[in-house]
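Below: the structure, in structure tokens.
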Amino acid sequence: MKLQNLVADRWIEGAGEGRPLRSAVDGNVVAEITSDGIDFAGMLEHARRVGGANLRALTFHERGEMLKALAKYLMEHKREFYELSTATGATKADSWIDIDGGISTLFVFSSKGRREMPNDTVYLDGPTEALSKNGTFVGQHVFTSKRGAAVHINAFNFPCWGMLEKLAPTLLAGVPAIVKPASSTAYLTELMVRRIVESEILPPGALQLVCGSVGNLFEHLDCQDTIAFTGSKGTAEMLQQHPRVVAQSVAFTAETDSLNASILGPDAVPGTPEFDLFVREVVREMTSKAGQKCTAIRRVIAPAAISADLVRALSTALGKIRIGNPASKDVDMGALASHGQQREVRERVGDLAREAELVYGGNESFDVVDADAGKGAFFMPTLLHCAKPLSSKAVHAVEAFGPVSTVLPYDTLDEAIELARLGEGSLAGSIITNDNAVARELVLGTAAWHGRMLILNRHCADESTGHGSPLPHLVHGGPGRAGGGEEMGGVRGVLHYMQRTALQGSPETLTAIGHRWVRGADERDPGVHPFRKTFEQLELGDTFRSTPRTVTAEDIANFAEFTGDTFYAHTDEPSAIKNPFFDGIVAHGYLIVSFAAGLFVDPDFGPVLANYGVDDLRFLTPVNVGDSLRVRLTCKQKTLRGDSGYGEVRWDTEVTNQNDEVVATYDVLTMVATDAHWASVQ
Ligand code: NAP
């Protein structure tokens with residue numbers, strides 16, 4: 001079967017014979033791959049003209065709904081992905097990370113997009129910046145979708161997750177993708193893309209697929225395109241230096257090699273829960289996906305005093321790992337993804353063994369369950385021990401991308417920190433200790449070399465997601481050798497595919513552009529109390545101004561007694577005067593907020609359904625007995641919640657005193673019924 005390429009929404013076979021792709025388990029040909037003859041310039045053009053336009057017509061929330069629908073669809077079809085995944089050497093547990101892990105990334109981004117981004121196509125970055133004395137000229141950073149294509153070049157180890165973790169933030173950003181999976185496992189990616197296309201959930205042009213070489217694609221990139229690369233540092237460097245990438249300043253994110261370290265704290269001696277957790281974590285990282293995880297633990301940094309115990313414990317645990325046919329229930333670790341990979345890992349172990357002693361594994365022949373050892377790309381878990389890790393080069397530079405780790409002993413925490421840093425930048429690091437002072441010292445000493453760090457102890461172990469699992473909520477990437485890139489991390493990952501622009505202008509103009517009312521913009525008199533208006537009827541700038549209310553000594557005393565908040569500044573005049581901020585008894589901040597609510601609410605049954613919180617509450621001027629308070633409430637931002645029958649409305653709220661001094665500012669958050677819902681309940 002020749003894999004096909006998805007070009008301008010049509011499946012196209014590459015020219016020529018195609019390179020055979022072999023099963024990692026039995027060596028049989030699974031598929032052939034070639035992208036020869038494809039119109040790469042046409043793909044970019046289609047992405048920009050059709051895919052981008054279609055995606056940008058949707059709001060972040062609509063794109064989030066699209067991701068959710070896609071995730072559900074792929075869930076329904078996951079059985080066939082699991083079946084084919086076996087050919088990549090993956091056990092069921094490995095496939096779960098790749099397939100279910102990938103689909104759950106879609107779910108998380110869907111939810112992030114709908115909860116943390118506006119139901120709009122512009123993303124506002126931070127608050128308005130005051131740039132002028134009178135407030136008629138202000139600044140606002142905004143993100144808008146890049147107008148190009150996102151070219152995703154993925155590694156072979158996660159044919160599903162690798163595609164989906166990049167695709168989810170890209171589509172949410174309103175940018176179309178051209179996906180190029182690594183050849184050796186591209187058949188699984190191609191199958192998933194077929195299902196995605198069949199679902200008809202993505203709009204035309206949103207996704208294209210290259211199975212094989214990217215041909216002359218790079219020649220046609222421009223400044224609106226983005227490249228997100230996962231693979232080896234060497235390939236990343238070469239692609240990053242492509243003349244077109246340099247000339248057009250094409251955004252380039254790289255996730256590359258990583259000599260990830262895990263550090264065992266000095267407190268975690270044999271017999272402690274942390275020692276056992278460490279052994280479990282290292283063995284899991286070495287054997288899950290047969291060690292073919294960019295985040296796997298390659299360097300095991302442990303106190304010299306217990307390193308012999310550690311080597312013994314790790315060897316015992318590794319001895320229990322059953323290697324073989326990943327489809328078999330009796331197998332814990334499958335094969336490497338290809339025979340080429342098997343040769344590569346063997347060579348790299350050879351490099352490491354020049355500076356470290358082989359203490360477990362490394363054998364050419366070993367027992368394999370339910371498979372022919374000669375035909376599959378199996379590799380025995382292999383542990384090395386480097387007696388002088390501070391002077392070794394190989395253990396900090398050679399990445400054997402398989403079930404291979406090296407124990408590096410240390411005498412002091414400074415040495416442990418130095419060893420971790422010698423990796424020259426990693427995706428993930430971990431520290432296993434039950435001493436939080438040690439945890440802080442190690443984190444502060446090494447965090448700048450890491451994209452993500454897990455600090456594991458007995459208290460979080462049961463619910464920990466582990467050293468090697470990138471999560472859609474958290475950033476994935478790392479400095480230096482790890483490529484210097486960053487992906488995911490929730491909304492942060494979406495913004496990589498968007499352009500940040502600093503806007504300067506009048507409050508009214510910036511309100512019109514960002515769909516968020518800016519102080520200083522027009523305040524509209526809606527003619528009725530704004531709480532009488534439905535979600536659709538409300539307009540940004542609709543403003544209510546209250547009558548005044550005077551705060552009495554009795555009010556403050558009653559509030560103190562009623563709530564139990566008898567803090568001296570509200571109850572004890574002589575003490576309150578000694579406070580540098582007050583001239584005597586002052587009103588409680590929450591009394592001011594409560595009075596404000598009493599001043600601005602319209603009490604009758606109406607379209608406002610609930611107040612679900614306040615944001616950015618600040619008390620700016622103390623309120624003394626006799627002060628007179630007023631409130632201004634202005635419709636600031638509207639976010640429709642799908643078909644739920646309501647939308648969220650944010651109100652810019654300002655409480656002032658008789659001298660027009662601002663006493664408190666905050667955003668009141670309400671849910672307001674839509675026309676349809678309001679009509680149905682009257
Ligand atoms: P690789 O050779 O660099 O390949 C990575 C990707 O780049 C593949 O899709 C490959 O396609 C493509 N590629 C290679 N040459 C290219 C070129 N001239 N133009 C355009 N694309 C090109 O890496 P690998 O050896 O397969 O993967 C293992 C490495 O990836 C390990 O070092 C591992 O640490 C790293 N990795 C990193 C992460 C991470 O998240 N940081 C994740 C997984 C793996 P073909 O397959 O068609 O050559």
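Quick caveat: nothing in here was measured; it's all calculated off a predicted structure. Whatever order the structure lists ligands and atoms in, that order sets their numbers, starting from 1.
The distance from ligand 1 to the heavy atoms of A155 drops below 4.0 Å at these ligand atoms: 43 (C), 44 (C). Contact atoms of ligand 1 toward A182: 8 (C), 9 (O), 46 (O) (distance under 4.0 Å to a heavy atom of the residue).
Between E487 and K166 there is a salt bridge, with a side-chain nitrogen of the basic residue lying less than 4.0 Å from a carboxylate oxygen of the acidic one. R343 has no carboxylate O lying under 4.0 Å from a charged side-chain N of E347, or vice versa, which leaves the two without a salt bridge. Taking a cutoff of 4.0 Å between a charged side-chain nitrogen and a carboxylate oxygen, D94 and K289 do not qualify as a salt bridge. Contact check on E198 versus R194 returns no salt bridge, with no Lys/Arg side-chain nitrogen under 4.0 Å from an Asp/Glu carboxylate oxygen.
In this structure, atom 15 (N) of ligand 1 lies nearest to the protein heavy atom T235 CG2, 3.4 Å. Nearest non-hydrogen protein atom to atom 33 (C) of ligand 1 is F401 CE1, 3.2 Å. For atom 19 (N) of ligand 1, the nearest protein heavy atom (residue, atom name, distance) is L239 CD2, 3.4 Å.
Taking a 4.0 Å cut-off on heavy atoms, Q341 fails to register as neighbouring ligand 1. For H476, the heavy-atom gap to ligand 1 drops under 4.0 angstrom. Not a single heavy atom of F158 lies less than 4.0 angstrom from ligand 1.
In this structure, of V214, N154, I33, the residue bringing a heavy atom nearest to atom 6 (C) of ligand 1 is N154. Nearest-residue assignment for atom 10 (C) of ligand 1 (options R19, K180, E165; heavy-atom criterion): K180. Of the listed options A236, G231, A296, S183, S183 places a heavy atom closest to atom 47 (O) of ligand 1. Across the listed options C294, S35, G477, C294 owns the non-hydrogen atom lying nearest to atom 36 (N) of ligand 1. Taking each of E487, E255, K233, E237 in turn, the one with a heavy atom nearest to atom 41 (N) of ligand 1 proves to be E255.
If you look at T295 next to ligand 1, there are no close heavy atoms at all, none under 4.0 Å. Residue-level proximity to ligand 1 for M238 is carried by the side chain, the only part with a heavy atom below 4.0 angstrom. At a heavy-atom distance under 4.0 Å, only side-chain atoms of E399, from C-beta outward, approach ligand 1. With a 4.0 Å cut-off on non-hydrogen atoms, P181 touches ligand 1 through its backbone and not its side chain. Residue contacts with ligand 1, taken as heavy atom pairs separated by less than 4.0 Å, involve N157 solely via side-chain atoms from C-beta onward. When non-hydrogen atoms are compared, ligand 1 lies under 4.0 Å from the side chain of L427 (C-beta onward) but not from its backbone. Here T230 has heavy atoms under 4.0 Å from ligand 1 in both its backbone and its side chain.
Exactly one of L84, N154, T185, I99 qualifies for a side chain to side chain contact (heavy atoms under 4.5 Å, CB included) with P159. That residue is T185. For the pairing with E424, the salt bridge (charged side-chain N to carboxylate O under 4.0 Å, His left out) check across R299, R481, K233 returns one residue only, R481.
Remark: H476 pairs with W161 by the ring-ring contact (aromatic ring centres under 6.0 Å, His included) rule, at least two apart or across chains. In this structure, T226 has no side chain to side chain donor-acceptor pair (under 3.5 Å) partners at least two apart in sequence or on a different chain.
Note that atom 3 (O) of ligand 1 has protein non-hydrogen atoms nearby, at separations under 4.0 angstrom.
Side-chain atoms of K293 and S288 include a donor-acceptor pair closer than 3.5 Å.
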